[in-house]
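The structure under discussion appears below in the form of structure tokens.
In what follows, every heavy atom counts, from backbone to side chain, and hydrogens, waters and symmetry copies are set aside. The structure displayed is predicted, hence computed values, not measured ones. If you read the sequence from its start, that first residue is 1, and numbering goes on from there.
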Amino acid sequence: MWGVCALALLSQAPVTQAPTPLPPARALPASAQPVVVPPVRENGWSALTLEQRAALIADKAESPLAERLLGMSEKFLNTPYVLSPLGEGQGVDPDPTFRLDAVDCLTFVEESLALGLARGEPEVPALLERIRYASTPTYEDRNHLMEAQWLPNNIKKGLLVDVTRRYAKEDTVSVTKTLTPRTWQSKSSMALQLPRERQPVGTFTLDMIPLDKVLEHARGVASGTILVVMREDLPLKATRITHLGFVVQKKKRTYLRHASRGGYNRVVDEDLETFLARNARYDKWRVTGVSLFEARRPPATLASQPAPAQGSADVGTP
């Protein structure tokens, strides 16, 4: 129910206000202009038939993975932002297991990965399941927390590689996220509705590029790299990663392709410098830096299989 984007916004729920009473009806002045409603933007998936979509996924399936991710994620541009749009189709989170008409920051990346990794449309559901869950497609087994579940599980399966240090070199710092029983007593953590035996505890380590160093290395980061945003470690927050998207290099500028809840409320390509400047102004829960991850192809025999209950897949290829 609550993904990475949701956890960052639990304390920012809109306040319900009483509607403003309407004034008595009156004739409009001659100079009054009708309100122009902006057209609804369509994403690149909406106009495709099922056959066209299947053909698109199968086309150039062996192209470099970064190229595939850019193509699939681009189709999501203008897709409306909807918080936690995917679920298990039943139980705690009955939202659909797959959809192309709405995303949040995490499901945008997950679905782009599944579509980009697939050699054909029949592989997409199994790949998405491997990305979203530790082993079984149940709410309790979903990769809810980035540091403790989503990142380490997908690294073990050979689907991701941490490349932060490759790009930032000596500017890389090692940071941690600690989860304790006290963490799980907070309001935001309890909102996950995880049974006690499924509440991760421990200290999880990640490489990070400090916020003030990111732009120094941004132009060297390959398009299609996953960028995750990290905030300061607060003991009662179950995560410190609150956003993610894809790096896109174009027109001699670096952009972040992401599902933005802010003023955009849709998937956009936002100039990374603009994005970072806005994040640097957050003072309630301070943004400290970013980490970078490269997607890898799983071995062909694993692409159409469910995730293993134990162990890890072999490291895949770019």
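Side-chain rings of F246 and F108 approach one another, their centers coming within less than 6.0 Å.
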*Run the side chain to side chain donor-acceptor pair (under 3.5 Å) check on R165 and T172 step by step: do they pass?*
CA-CA 6 Å; R165 195 170 293 273; T172 307; 4.6 Å; no
*In sequence, state the C-alpha distance, the side-chain angles, and the governing distance for E110 and R132, and then conclude on salt bridge (charged side-chain N to carboxylate O under 4.0 Å, His left out).*
CA-CA 7 Å; E110 290 174 330; R132 283 177 56 78; 2.7 Å; yes
*Stepwise, does the side-chain contact (heavy atoms from CB on, under 4.5 Å) test hold for L159 with R296?*
CA-CA 5 Å; L159 296 172; R296 295 292 180 91; 5.9 Å; no
*Mind running side-chain contact (heavy atoms from CB on, under 4.5 Å) on S112 and F76 for me, showing each step along the way?*
CA-CA 8 Å; S112 295; F76 282 101; 3.6 Å; yes
_side chain to side chain donor-acceptor pair (under 3.5 Å) for T254 and Q249? Distances and angles first, verdict last._
CA-CA 5 Å; T254 304; Q249 305 285 0; 2.7 Å; yes
_I'd like to know whether W45 forms a side-chain contact (heavy atoms from CB on, under 4.5 Å) with L115, so could you lay out the CA-CA distance, the side-chain angles of the two residues, the decisive distance to 0.1 Å, and finally the verdict._
CA-CA 12 Å; W45 299 107; L115 291 160; 3.6 Å; yes
*Please step through side-chain contact (heavy atoms from CB on, under 4.5 Å) for the pair L160 and E294, ending with a clear verdict.*
CA-CA 6 Å; L160 292 178; E294 183 179 279; over 6 Å; no
_Step-by-step salt bridge (charged side-chain N to carboxylate O under 4.0 Å, His left out) determination, E121 to R53_ = CA-CA 8 Å; E121 190 168 33; R53 188 173 79 190; 2.8 Å; yes
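Residue Q52 places its CD atom among more than 12 non-hydrogen atoms of other residues, nucleotides or ligands, all under 6.0 Å distant. Around atom CZ of R182, no more than 12 heavy atoms belonging to other residues, nucleotides or ligands sit under 6.0 Å away.
L151 has its side chain out of reach of N143: every pair of non-hydrogen atoms, C-beta onward, lies at least 4.5 Å apart. Annotation: side chain of R261 is not in contact with side chain of H243 (no heavy-atom distance under 4.5 Å). For the pair L128 and F98, the minimum side-chain heavy-atom distance is below 4.5 Å. Taking 4.5 Å as the limit, some side-chain heavy atom of L56 sits within range of a side-chain heavy atom of L48. Looking at heavy atoms from C-beta onward, V287 lies out of side-chain contact with M230 at the 4.5 angstrom threshold. Within the 4.5 Å cutoff, the side chain of E232 has heavy atoms near those of the W285 side chain. Looking only at side-chain heavy atoms (C-beta outward), L113 and L69 come within less than 4.5 Å of each other. Counting heavy atoms from C-beta on, the side chains of S46 and D101 never come closer than 4.5 Å.
For K177 (side chain) and K237 (main-chain N/O), a donor-acceptor pair under 3.5 Å exists by modelled atom type. No side-chain donor-acceptor contact under 3.5 Å links T183 to the backbone of L236. Judged purely by atom type and a 3.5 angstrom limit, Q199 uses its side chain to pair as donor or acceptor with the backbone of L194. Side chain of W150 to main chain of L106: no donor-acceptor pair is present (N/O by atom type, distance under 3.5 Å, no hydrogens or angles). Not a single donor-acceptor pair under 3.5 Å links the side chain of R240 to the backbone N or O of E147. For the pair N153 (side chain) and A134 (backbone), a donor-acceptor distance under 3.5 Å is absent. R266 places no side-chain N or O within 3.5 Å of a backbone atom of S260 that could act as its donor or acceptor partner. In terms of modelled atom types and a separation under 3.5 Å, the side chain of E111 and the main chain of R99 share a donor-acceptor contact. With D141 contributing its side chain and P137 its backbone, the two residues share no donor-acceptor pair below 3.5 Å. One N or O on the side chain of Q149 and one on the backbone of L145 form a donor-acceptor pair closer than 3.5 Å.
Under 3.5 Å, the side chains of T138 and E88 contain no donor-acceptor pair of N or O atoms. Between the side chains of R68 and S63, no donor N or O sits under 3.5 Å from an acceptor N or O. Remark: the E273 side chain and the Y255 side chain contain no N/O donor-acceptor pair separated by less than 3.5 Å.
One finds the OG1 atom of T288 at 14.0 Å from the OH atom of Y282 (value rounded to the nearest 0.5 Å). One finds the CG atom of L292 at 7.5 Å from the OH atom of Y167 (value rounded to the nearest 0.5 Å). For the atom pair Y264 OH and D269 CG, the distance stands at 10.0 Å (nearest 0.5 Å). For the atom pair D104 CG and L244 CG, the distance stands at 9.0 Å (nearest 0.5 Å). To the nearest 0.5 Å, atom OG1 of residue T178 and atom CG of residue L234 are 12.0 Å apart. The NZ atom of K157 lies 6.0 Å from the CZ atom of R130; values are rounded to the nearest 0.5 Å.
Shown here for T225 and F293, the closest heavy-atom pair between the two residues is CG2-O, 3.4 Å. For the pair V82 and A102, the tightest heavy-atom approach, listed with the atom from each and the gap, is CG2-CB, 3.6 Å. Between N43 and L100, the closest heavy-atom pair is ND2-O, 2.8 Å. Taking all atoms of both residues into account, the shortest heavy-atom contact from R257 to L70 is NH1-O, 3.0 Å. What you find for H217 and I209 is that their closest heavy atoms are CD2-CG2, 4.4 Å. Looking at every heavy atom in both residues, V109 comes nearest to G245 through CG2-CA, 4.0 Å.
Hydrophobic clustering (ILVMFWY, side-chain heavy atoms < 4.5 Å, transitive): L227 and L215 are in one cluster. Residue M72 is not grouped with residue V248 when hydrophobic side chains (ILVMFWY) are merged at heavy-atom distances under 4.5 angstrom, including chains of intermediate members. No continuous path of ILVMFWY side-chain contacts below 4.5 Å connects V268 to V229, so the two sit in separate hydrophobic clusters.
Contact check on E67 versus K60 returns no salt bridge, with no Lys/Arg side-chain nitrogen under 4.0 Å from an Asp/Glu carboxylate oxygen.
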